[in-house]
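Input: a single structure, listed below in C-alpha coordinates.
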Number of protein chains: 2
Amino acid sequence: MGISTQTMNKSDIKLIAVLERTGGFASAQELHQILRREGDGIGLTTVYRALQSLVDDKIVDLLRREDGEAIYRLCGDTHHHHLVCKSCGDTVEIEGGAIEKWAKTMAEEFGFRDVGHTAEIFGICSKC
Amino acid sequence: MGISTQTMNKSDIKLIAVLERTGGFASAQELHQILRREGDGIGLTTVYRALQSLVDDKIVDLLRREDGEAIYRLCGDTHHHHLVCKSCGDTVEIEGGAIEKWAKTMAEEFGFRDVGHTAEIFGICSKC
DNA sequence: TCACAAAATGAAAATGATTATCATTTCCAA
DNA sequence: TTGGAAATGATAATCATTTTCATTTTGTGA
(Lines give C-alpha, C1' and ligand atoms only; values in the text may rest on other atoms or scores of the structure.)
Protein backbone atom coordinates (compact mmCIF):
# COMPACT_ATOMS: atom_id res chain seq x y z
CA MET A 1 0.00 0.00 0.00
CA GLY A 2 0.95 3.65 0.02
CA ILE A 3 3.41 5.12 -2.39
CA SER A 4 3.46 3.24 -5.63
CA THR A 5 7.13 3.25 -6.40
CA GLN A 6 6.41 0.44 -8.81
CA THR A 7 4.83 2.88 -11.23
CA MET A 8 8.04 4.86 -11.66
CA ASN A 9 9.18 4.93 -15.27
CA LYS A 10 12.00 6.39 -17.31
CA SER A 11 10.48 9.83 -17.61
CA ASP A 12 9.90 10.07 -13.90
CA ILE A 13 13.52 9.21 -13.31
CA LYS A 14 14.71 11.75 -15.86
CA LEU A 15 12.74 14.46 -14.14
CA ILE A 16 14.08 13.52 -10.74
CA ALA A 17 17.59 13.66 -12.14
CA VAL A 18 17.11 17.13 -13.56
CA LEU A 19 15.56 18.38 -10.36
CA GLU A 20 18.53 17.05 -8.46
CA ARG A 21 20.98 18.62 -10.84
CA THR A 22 19.33 22.01 -10.90
CA GLY A 23 18.80 22.18 -7.16
CA GLY A 24 15.16 21.33 -7.46
CA PHE A 25 13.16 24.47 -8.11
CA ALA A 26 11.84 24.91 -11.62
CA SER A 27 8.67 25.09 -13.66
CA ALA A 28 7.52 22.38 -16.04
CA GLN A 29 8.37 24.54 -19.02
CA GLU A 30 11.86 25.20 -17.70
CA LEU A 31 12.49 21.54 -16.96
CA HIS A 32 11.36 20.68 -20.46
CA GLN A 33 13.71 23.24 -21.98
CA ILE A 34 16.62 21.99 -19.91
CA LEU A 35 16.06 18.40 -21.06
CA ARG A 36 15.72 19.53 -24.65
CA ARG A 37 18.89 21.56 -24.44
CA GLU A 38 20.65 18.45 -23.21
CA GLY A 39 19.55 16.60 -26.30
CA ASP A 40 16.65 14.73 -24.81
CA GLY A 41 13.69 14.77 -27.15
CA ILE A 42 11.17 14.37 -24.38
CA GLY A 43 7.81 15.99 -25.03
CA LEU A 44 6.20 18.66 -22.93
CA THR A 45 3.21 16.44 -22.29
CA THR A 46 5.40 13.77 -20.80
CA VAL A 47 7.14 16.28 -18.57
CA TYR A 48 3.79 17.40 -17.20
CA ARG A 49 2.64 13.83 -16.77
CA ALA A 50 5.80 12.76 -14.99
CA LEU A 51 5.72 15.74 -12.66
CA GLN A 52 2.12 15.09 -11.82
CA SER A 53 2.73 11.48 -10.92
CA LEU A 54 5.76 12.45 -8.85
CA VAL A 55 3.62 14.94 -6.98
CA ASP A 56 0.94 12.30 -6.46
CA ASP A 57 3.56 9.98 -5.06
CA LYS A 58 4.83 12.79 -2.84
CA ILE A 59 8.25 12.60 -4.39
CA VAL A 60 8.21 16.22 -5.45
CA ASP A 61 6.55 19.30 -3.95
CA LEU A 62 4.42 21.62 -6.02
CA LEU A 63 4.62 25.31 -5.19
CA ARG A 64 3.49 28.45 -7.01
CA ARG A 65 5.45 31.37 -8.27
CA GLU A 66 4.03 34.79 -7.71
CA ASP A 67 2.48 34.81 -11.16
CA GLY A 68 0.72 31.50 -10.49
CA GLU A 69 3.01 29.27 -12.51
CA ALA A 70 3.63 25.88 -10.90
CA ILE A 71 7.15 25.15 -9.71
CA TYR A 72 8.47 21.82 -8.54
CA ARG A 73 11.17 20.71 -6.16
CA LEU A 74 12.27 17.41 -4.74
CA CYS A 75 10.70 16.61 -1.40
CA GLY A 76 13.05 16.37 1.52
CA ASP A 77 15.48 18.74 -0.09
CA THR A 78 16.47 21.23 2.50
CA HIS A 79 14.68 24.02 0.86
CA HIS A 80 15.97 27.51 0.79
CA HIS A 81 14.47 30.91 0.29
CA HIS A 82 15.39 33.75 -1.99
CA LEU A 83 16.63 37.27 -1.63
CA VAL A 84 15.84 38.97 -4.91
CA CYS A 85 17.01 42.34 -6.18
CA LYS A 86 14.07 44.31 -7.56
CA SER A 87 16.41 46.25 -9.77
CA CYS A 88 18.85 43.84 -11.42
CA GLY A 89 17.10 40.56 -10.63
CA ASP A 90 20.09 39.07 -8.87
CA THR A 91 19.08 36.30 -6.50
CA VAL A 92 20.76 34.97 -3.37
CA GLU A 93 19.76 31.68 -1.83
CA ILE A 94 19.40 31.98 1.90
CA GLU A 95 18.62 29.87 4.92
CA GLY A 96 15.24 30.13 6.50
CA GLY A 97 15.56 28.35 9.80
CA ALA A 98 13.51 30.97 11.55
CA ILE A 99 10.79 30.58 8.96
CA GLU A 100 10.56 26.83 9.35
CA LYS A 101 10.04 27.26 13.07
CA TRP A 102 7.56 30.05 12.60
CA ALA A 103 5.53 28.03 10.10
CA LYS A 104 5.51 25.01 12.35
CA THR A 105 4.51 26.97 15.42
CA MET A 106 1.71 28.82 13.67
CA ALA A 107 0.36 25.68 12.05
CA GLU A 108 0.25 23.92 15.39
CA GLU A 109 -1.38 26.87 17.09
CA PHE A 110 -4.25 26.84 14.61
CA GLY A 111 -4.50 23.09 14.25
CA PHE A 112 -3.28 22.89 10.67
CA ARG A 113 -1.51 19.78 9.44
CA ASP A 114 0.40 18.81 6.33
CA VAL A 115 1.81 22.31 6.07
CA GLY A 116 4.19 23.99 3.71
CA HIS A 117 5.16 27.60 3.25
CA THR A 118 6.64 30.16 0.92
CA ALA A 119 8.82 33.11 1.82
CA GLU A 120 10.80 35.54 -0.29
CA ILE A 121 12.61 38.75 0.48
CA PHE A 122 13.01 41.44 -2.15
CA GLY A 123 14.91 44.70 -2.12
CA ILE A 124 17.72 46.61 -3.80
CA CYS A 125 21.13 44.97 -3.78
CA SER A 126 24.38 46.76 -2.96
CA LYS A 127 25.43 46.97 -6.62
CA CYS A 128 22.31 48.84 -7.67
CA MET B 1 3.94 60.41 -2.76
CA GLY B 2 2.77 57.18 -1.21
CA ILE B 3 -0.46 55.49 -1.98
CA SER B 4 -2.36 57.23 -4.71
CA THR B 5 -5.85 57.20 -3.28
CA GLN B 6 -6.58 59.98 -5.75
CA THR B 7 -6.62 57.50 -8.58
CA MET B 8 -9.52 55.51 -7.13
CA ASN B 9 -12.44 55.40 -9.53
CA LYS B 10 -15.93 53.98 -9.69
CA SER B 11 -14.86 50.49 -10.67
CA ASP B 12 -12.36 50.30 -7.85
CA ILE B 13 -15.09 51.25 -5.42
CA LYS B 14 -17.50 48.69 -6.85
CA LEU B 15 -14.93 45.98 -6.39
CA ILE B 16 -14.21 47.03 -2.83
CA ALA B 17 -17.93 46.94 -2.12
CA VAL B 18 -18.32 43.41 -3.47
CA LEU B 19 -15.27 42.21 -1.57
CA GLU B 20 -16.71 43.69 1.60
CA ARG B 21 -20.06 42.09 1.01
CA THR B 22 -18.75 38.64 0.16
CA GLY B 23 -16.22 38.53 2.97
CA GLY B 24 -13.60 35.90 2.13
CA PHE B 25 -11.58 35.39 -0.98
CA ALA B 26 -12.84 35.46 -4.53
CA SER B 27 -11.29 35.22 -7.97
CA ALA B 28 -11.61 37.90 -10.62
CA GLN B 29 -13.95 35.69 -12.62
CA GLU B 30 -16.16 35.12 -9.59
CA LEU B 31 -16.28 38.79 -8.70
CA HIS B 32 -17.21 39.59 -12.27
CA GLN B 33 -20.03 37.06 -12.21
CA ILE B 34 -21.36 38.40 -8.93
CA LEU B 35 -21.49 41.94 -10.29
CA ARG B 36 -23.14 40.74 -13.48
CA ARG B 37 -25.72 38.80 -11.50
CA GLU B 38 -26.51 41.97 -9.61
CA GLY B 39 -27.26 43.74 -12.85
CA ASP B 40 -23.98 45.58 -13.20
CA GLY B 41 -22.79 45.45 -16.79
CA ILE B 42 -19.15 45.86 -15.83
CA GLY B 43 -16.70 44.14 -18.16
CA LEU B 44 -14.22 41.46 -17.21
CA THR B 45 -11.36 43.64 -18.35
CA THR B 46 -12.38 46.39 -15.98
CA VAL B 47 -12.64 43.95 -13.11
CA TYR B 48 -9.07 42.78 -13.72
CA ARG B 49 -7.88 46.35 -14.06
CA ALA B 50 -9.56 47.51 -10.89
CA LEU B 51 -8.25 44.56 -8.89
CA GLN B 52 -4.76 45.15 -10.14
CA SER B 53 -4.77 48.79 -9.16
CA LEU B 54 -6.20 47.90 -5.75
CA VAL B 55 -3.40 45.41 -5.26
CA ASP B 56 -0.86 48.03 -6.33
CA ASP B 57 -2.32 50.41 -3.78
CA LYS B 58 -2.21 47.66 -1.16
CA ILE B 59 -5.93 47.85 -0.62
CA VAL B 60 -6.48 44.22 -1.46
CA ASP B 61 -4.32 41.14 -1.00
CA LEU B 62 -3.57 38.80 -3.86
CA LEU B 63 -3.09 35.12 -3.06
CA ARG B 64 -3.24 31.95 -5.14
CA ARG B 65 -5.60 29.03 -5.02
CA GLU B 66 -4.05 25.62 -5.26
CA ASP B 67 -4.65 25.54 -9.00
CA GLY B 68 -2.84 28.83 -9.42
CA GLU B 69 -5.88 31.03 -9.93
CA ALA B 70 -5.52 34.45 -8.32
CA ILE B 71 -7.84 35.24 -5.44
CA TYR B 72 -8.37 38.64 -3.86
CA ARG B 73 -9.35 39.90 -0.46
CA LEU B 74 -9.56 43.19 1.35
CA CYS B 75 -6.67 43.54 3.72
CA GLY B 76 -6.37 45.43 6.92
CA ASP B 77 -3.56 47.93 7.09
CA THR B 78 -1.54 46.05 9.68
CA HIS B 79 1.08 43.99 7.95
CA HIS B 80 0.19 40.34 8.37
CA HIS B 81 0.69 36.94 6.86
CA HIS B 82 -1.70 34.16 5.99
CA LEU B 83 -2.36 30.61 7.03
CA VAL B 84 -4.45 29.14 4.23
CA CYS B 85 -6.29 25.83 4.14
CA LYS B 86 -5.50 24.01 0.90
CA SER B 87 -8.76 22.16 1.12
CA CYS B 88 -11.51 24.62 2.08
CA GLY B 89 -9.72 27.89 1.45
CA ASP B 90 -10.25 29.16 4.99
CA THR B 91 -7.70 31.79 5.91
CA VAL B 92 -6.29 32.95 9.20
CA GLU B 93 -4.34 36.17 9.51
CA ILE B 94 -1.26 35.65 11.63
CA GLU B 95 1.57 37.63 13.10
CA GLY B 96 4.97 37.34 11.55
CA GLY B 97 7.31 38.87 14.08
CA ALA B 98 9.92 36.21 13.44
CA ILE B 99 9.69 36.86 9.72
CA GLU B 100 10.20 40.58 10.03
CA LYS B 101 13.38 39.98 11.98
CA TRP B 102 14.57 37.28 9.60
CA ALA B 103 14.01 39.49 6.56
CA LYS B 104 15.80 42.39 8.17
CA THR B 105 18.76 40.27 9.25
CA MET B 106 19.19 38.61 5.88
CA ALA B 107 18.87 41.87 3.99
CA GLU B 108 21.56 43.45 6.15
CA GLU B 109 23.84 40.47 5.82
CA PHE B 110 23.76 40.71 2.03
CA GLY B 111 23.71 44.48 1.81
CA PHE B 112 20.18 44.83 0.47
CA ARG B 113 18.15 47.93 1.21
CA ASP B 114 14.56 49.00 0.74
CA VAL B 115 13.40 45.47 1.45
CA GLY B 116 10.01 43.88 1.64
CA HIS B 117 8.96 40.27 1.91
CA THR B 118 6.19 37.76 1.39
CA ALA B 119 5.43 34.72 3.49
CA GLU B 120 2.48 32.37 3.50
CA ILE B 121 1.80 29.10 5.23
CA PHE B 122 -0.56 26.57 3.72
CA GLY B 123 -1.87 23.26 5.00
CA ILE B 124 -5.03 21.41 5.95
CA CYS B 125 -7.15 22.98 8.67
CA SER B 126 -8.66 21.07 11.58
CA LYS B 127 -12.13 21.03 10.02
CA CYS B 128 -10.98 19.32 6.85
C1' DT C 1 11.83 -15.57 -31.22
C1' DC C 2 7.08 -13.97 -32.08
C1' DA C 3 2.80 -11.86 -31.25
C1' DC C 4 0.08 -8.94 -28.85
C1' DA C 5 -1.94 -6.23 -25.18
C1' DA C 6 -0.94 -2.67 -21.99
C1' DA C 7 1.67 1.30 -20.92
C1' DA C 8 4.12 5.28 -22.46
C1' DT C 9 4.86 8.93 -25.58
C1' DG C 10 4.28 13.31 -27.97
C1' DA C 11 2.12 16.31 -31.61
C1' DA C 12 -1.57 18.95 -31.97
C1' DA C 13 -5.87 20.84 -30.43
C1' DA C 14 -8.65 22.44 -26.47
C1' DT C 15 -9.16 24.96 -22.21
C1' DG C 16 -9.14 28.60 -18.98
C1' DA C 17 -7.20 32.51 -16.70
C1' DT C 18 -5.02 36.69 -17.62
C1' DT C 19 -3.30 40.54 -20.53
C1' DA C 20 -2.97 43.54 -24.63
C1' DT C 21 -5.42 46.17 -28.33
C1' DC C 22 -8.13 49.56 -29.74
C1' DA C 23 -12.28 51.95 -30.82
C1' DT C 24 -15.77 54.18 -28.18
C1' DT C 25 -17.69 56.61 -24.20
C1' DT C 26 -17.42 59.41 -20.03
C1' DC C 27 -15.54 63.07 -17.41
C1' DC C 28 -13.69 67.43 -16.46
C1' DA C 29 -11.31 71.66 -16.76
C1' DA C 30 -10.85 75.79 -19.66
C1' DT D 1 -19.54 73.99 -25.13
C1' DT D 2 -15.31 71.69 -26.25
C1' DG D 3 -10.96 69.22 -26.56
C1' DG D 4 -8.31 65.97 -24.55
C1' DA D 5 -7.33 62.65 -21.02
C1' DA D 6 -9.01 58.79 -18.48
C1' DA D 7 -12.06 54.88 -18.30
C1' DT D 8 -14.44 51.22 -20.37
C1' DG D 9 -15.34 46.80 -22.57
C1' DA D 10 -15.55 43.72 -26.63
C1' DT D 11 -12.36 41.14 -28.92
C1' DA D 12 -8.13 39.05 -29.88
C1' DA D 13 -3.74 37.44 -28.18
C1' DT D 14 -0.85 34.90 -24.57
C1' DC D 15 0.62 31.38 -21.92
C1' DA D 16 0.56 27.47 -18.84
C1' DT D 17 -1.73 23.35 -18.48
C1' DT D 18 -4.80 19.46 -19.95
C1' DT D 19 -7.04 16.45 -23.39
C1' DT D 20 -7.17 13.73 -27.33
C1' DC D 21 -5.63 10.37 -30.01
C1' DA D 22 -2.67 7.99 -33.07
C1' DT D 23 1.78 5.88 -32.78
C1' DT D 24 5.70 3.65 -30.49
C1' DT D 25 7.77 1.07 -26.88
C1' DT D 26 7.81 -2.52 -23.54
C1' DG D 27 7.09 -6.72 -21.29
C1' DT D 28 5.21 -11.15 -21.16
C1' DG D 29 3.39 -15.56 -22.31
C1' DA D 30 3.38 -19.08 -25.91
Side-chain angles (χ1 to χ4, degrees), chain A residues 3-19 22 24-57 59-73 118, chain B residues 3-19 22 24-57 59-73 84 86 89 118 122:
Chain A
I3 294 172
S4 50
T5 315
Q6 305 84 37
T7 69
M8 185 107 59
N9 62 24
K10 281 179 185 166
S11 301
D12 294 320
I13 291 170
K14 274 185 203 168
L15 265 296
I16 291 174
V18 185
L19 283 169
T22 60
F25 226 142
S27 72
Q29 306 274 349
E30 287 163 356
L31 292 167
H32 179 234
Q33 278 175 24
I34 291 168
L35 281 167
R36 279 285 167 104
R37 215 176 295 134
E38 293 174 355
D40 193 314
I42 192 168
L44 185 54
T45 309
T46 304
V47 170
Y48 273 105
R49 244 187 314 239
L51 287 171
Q52 195 168 282
S53 92
L54 290 170
V55 168
D56 288 346
D57 287 353
I59 293 167
V60 313
D61 275 344
L62 187 166
L63 293 183
R64 294 276 165 190
R65 271 214 255 269
E66 225 179 320
D67 68 351
E69 190 177 1
I71 51 179
Y72 305 83
R73 78 167 181 222
T118 62
Chain B
I3 294 170
S4 51
T5 315
Q6 305 85 38
T7 68
M8 183 107 61
N9 63 22
K10 280 178 185 166
S11 301
D12 294 318
I13 291 170
K14 274 186 203 167
L15 266 295
I16 291 175
V18 185
L19 284 168
T22 59
F25 282 100
S27 70
Q29 307 274 350
E30 287 163 357
L31 292 167
H32 179 234
Q33 278 174 24
I34 290 169
L35 281 166
R36 277 286 166 103
R37 217 177 292 134
E38 292 174 355
D40 193 315
I42 192 169
L44 185 56
T45 309
T46 304
V47 170
Y48 273 106
R49 242 187 316 236
L51 288 170
Q52 194 168 283
S53 91
L54 290 170
V55 169
D56 288 346
D57 287 354
I59 293 166
V60 313
D61 274 343
L62 186 167
L63 290 184
R64 295 275 164 190
R65 273 212 256 268
E66 225 181 321
D67 67 351
E69 189 178 2
I71 50 181
Y72 303 85
R73 190 178 79 163
V84 185
K86 288 189 279 194
T118 63
F122 42 89

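Numbered from 1 within each chain, the chains take letters A, B, ... in sequence-line order.
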**OP:** Could you check how far CD of Glu69(A) sits from P of dT18(D), rounded to whole Å?
**Re:** 12 Å
Original post:
Partners of Glu69(B) by side chain to side chain contact (heavy atoms under 4.5 Å, CB included), sequence neighbours excluded?
Top reply: Ser27(B), Gln29(B), Arg65(B), Asp67(B)
Original post:
What does Ser27(B) touch in the nucleic acid at a heavy-atom separation under 4.0 angstrom: a base, only the sugar-phosphate, or nothing?
Top reply: nothing
Subject >> Glu66(A) CD: over 12 foreign heavy atoms closer than 6.0 Å >> reply: no
Original post:
Quick one: does Leu51(B)'s side chain get under 4.5 Å of Leu62(B)'s, heavy atoms only?
Top reply: no
**OP:** Check whether any side-chain heavy atom of Phe122(B) lies under 4.5 Å from a side-chain heavy atom of Leu63(A), and answer yes or no.
**Re:** yes
**OP:** Check DNA chain D against residues 37-50 of chain A and give the residues with a non-hydrogen atom under 4.0 Å, in numerical order.
**Re:** Leu44(A), Thr45(A), Tyr48(A)
**OP:** Could you list where the contact with chain A starts and ends along DNA chain C, reading 5' to 3', using a 4.0 Å heavy-atom cut-off?
**Re:** dA8(C) to dA12(C)
**OP:** Using modelled atom types only, decide if a donor and an acceptor are shared between the side chain of Asn9(B) and the backbone of Ser11(B) within a distance under 3.5 Å.
**Re:** yes
Original post:
Do the side chain of Asp57(B) and the main chain of Ile59(B) share a donor and acceptor less than 3.5 angstrom apart?
Top reply: no
Subject >> Residue closer to the 5' end of DNA chain C, Arg64(B) versus Lys10(B) (nearest nucleotide) >> reply: Arg64(B)
Subject >> Separation of dA7(D) C1' from Leu51(B) CG (nearest whole Å) >> reply: 16 Å
**OP:** Let me know the distance between CG of Asn9(B) and C1' of dA5(D), rounded to the nearest Å.
**Re:** 14 Å
Subject >> Side chain Arg73(B), main chain Leu19(B), donor-acceptor under 3.5 Å >> reply: no
**OP:** Mark yes or no for whether His32(B), through its side chain, and Thr46(B), through its backbone, hold a donor-acceptor pair below 3.5 Å.
**Re:** no
